[in-house]
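Each remark here refers to the structure printed beneath this line.
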Amino acid sequence: QTTFIKTALLALFVTIIFAWLDTRSWRATILSVMPLCLGTTWLLGIMGLWGIDFNMANFFAIPILIGTGIDFGIHMTHRLRHDRSLRAVETSTGKGLMLTAVSNALGFGSMMIASHHGIVSLGKIMLIGSVCSFLAAMIALPPLAKRLNWGNGKARTGNIGN
């Protein structure tokens with residue numbers, strides 16, 4: 001079990017490094033990773049509420065969710081930085097993220113019809129985690145970006161990257 005935790009932490013660390021290499025800004029990196037962390041927190045809460053435990057089959061969902069969940073934050077952060085507008089939620093970026101979330105949820109959720117209980121459990125966690133990361137990017141990220149003056153059109157150029 002400690003190996004799985006180390007793997008998840010390593011995957012998160014590498015993801016943060018790549019997010020920083022992409023954005024070249026710690027503020028943008030933190031904003032990009034925030035939906036992943038918030039979505040994972042929501043996932044763990046839902047798992048507790050619904051009585052879903054980690055097992056040898058479904059723990060593999062965490063590194064996979066880190067890899068797929070970061071996409072929502074990265075794309076939204078790029079759009080918010082580029083447009084300096086919160087309209088990213090309702091434009092092609094929001095629609096694209098929604099399509100990604102739906103296709104991830106359907107693809108991973110289809111594993112829930114398997115006869116193997118571990119695969120069913122993996123499908124549940126991947127479906128819930130994908131939806132939670134998407135919702136965090138769409139609901140929590142834009143107001144946080146606005147608070148940092150990214151979405152009001154008045155931000156100074158020096159504020160954006162740092």
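Only heavy atoms go into these numbers, but all of them, side chains included; no hydrogens, no water, no symmetry mates.
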* Structure fact -> Shortest non-hydrogen pair, F108 vs I64, comes out as CZ-CG2, 4.2 Å

* Atom CG of N58 and atom NZ of K124: how far apart are they, to the nearest 0.5 Å? -> 10.0 Å

* Same apolar cluster: L144 and L135, side chain cutoff 4.5 Å -> yes

* Structure fact -> CG (N104) and CG (L97) are apart, to the nearest 0.5 Å, by 10.5 Å

* Can you find a heavy atom in the side chain of F54 that is under 4.5 Å from one in the side chain of I62? -> yes

* To do: Apply the test side chain to side chain contact (heavy atoms under 4.5 Å, CB included) to residues M34 and L141: give CA-CA distance (whole Å), side-chain angles for both, the deciding distance (0.1 Å), then the verdict.
  => CA-CA 7 Å; M34 188 274 306; L141 186 58; 3.8 Å; yes

* Asked: Would F59 and L9 show up in the same hydrophobic cluster when neighbours are defined by side-chain heavy atoms closer than 4.5 Å?
  -> yes

* CG-CE distance between L122 and M112, expressed to the nearest 0.5 angstrom -> 11.5 Å

* **More than 12 heavy atoms from other groups under 6.0 Å of CD1 on I113** => no

* Measure across P35 and G73 and return the closest heavy-atom pair with its distance rounded to 0.1 Å. => CG-CA, 3.8 Å

* Give the minimum heavy-atom separation between R79 and S92, together with the two atoms involved. => NH1-OG, 3.4 Å

* Under 3.5 Å: donor-acceptor pair, side chain of S133, backbone of S130 -> no

* With a 4.5 Å limit on heavy-atom distance, are the side chains of V14 and I66 in contact? -> no

* Taking C-beta and beyond as the side chain, do R81 and T23 meet within less than 4.5 Å on heavy atoms? -> yes

* For L80 against P142, the heavy-atom pair lying closest together -> CD1-CA, 4.3 Å

* **Check: I70 and F18 side chains under 4.5 Å, non-hydrogen atoms** => no

* Which heavy atom in I52 sits nearest to a heavy atom in S121, and how many Å separate them? -> CG2-OG, 4.2 Å

* Could you check if a side-chain atom of F134 sits within less than 4.5 angstrom of a side-chain atom of T100, using non-hydrogen atoms only? => no

* Asked: In terms of hydrophobic clusters joined by side-chain contacts under 4.5 Å, are M126 and L99 together?
  -> no

* Asked: In terms of hydrophobic clustering (I, L, V, M, F, W, Y; side-chain heavy atoms under 4.5 Å; direct or indirect links), are L21 and I30 co-clustered?
  -> no

* Side chain proximity check, L43 to L65, heavy atoms < 4.5 angstrom -> yes

* Asked: Do you know which two heavy atoms are closest between A105 and L127, and how far apart they sit?
  -> O-CD1, 3.5 Å

* Determine whether W26 and I16 make a side-chain contact, defined as any pair of heavy atoms from C-beta on separated by less than 4.5 Å. => yes

* Asked: For G107, does its backbone N or O pair with a side-chain atom of S110 as donor and acceptor, under 3.5 Å?
  -> yes

* Per the side chain to side chain contact (heavy atoms under 4.5 Å, CB included) rule, which among D53, I128, I125 passes with M47? -> I125

* To do: Spell out, yes or no, whether W20 and L36 are grouped together once hydrophobic residues are joined by side-chain heavy atoms under 4.5 Å, including indirect joins.
  => yes

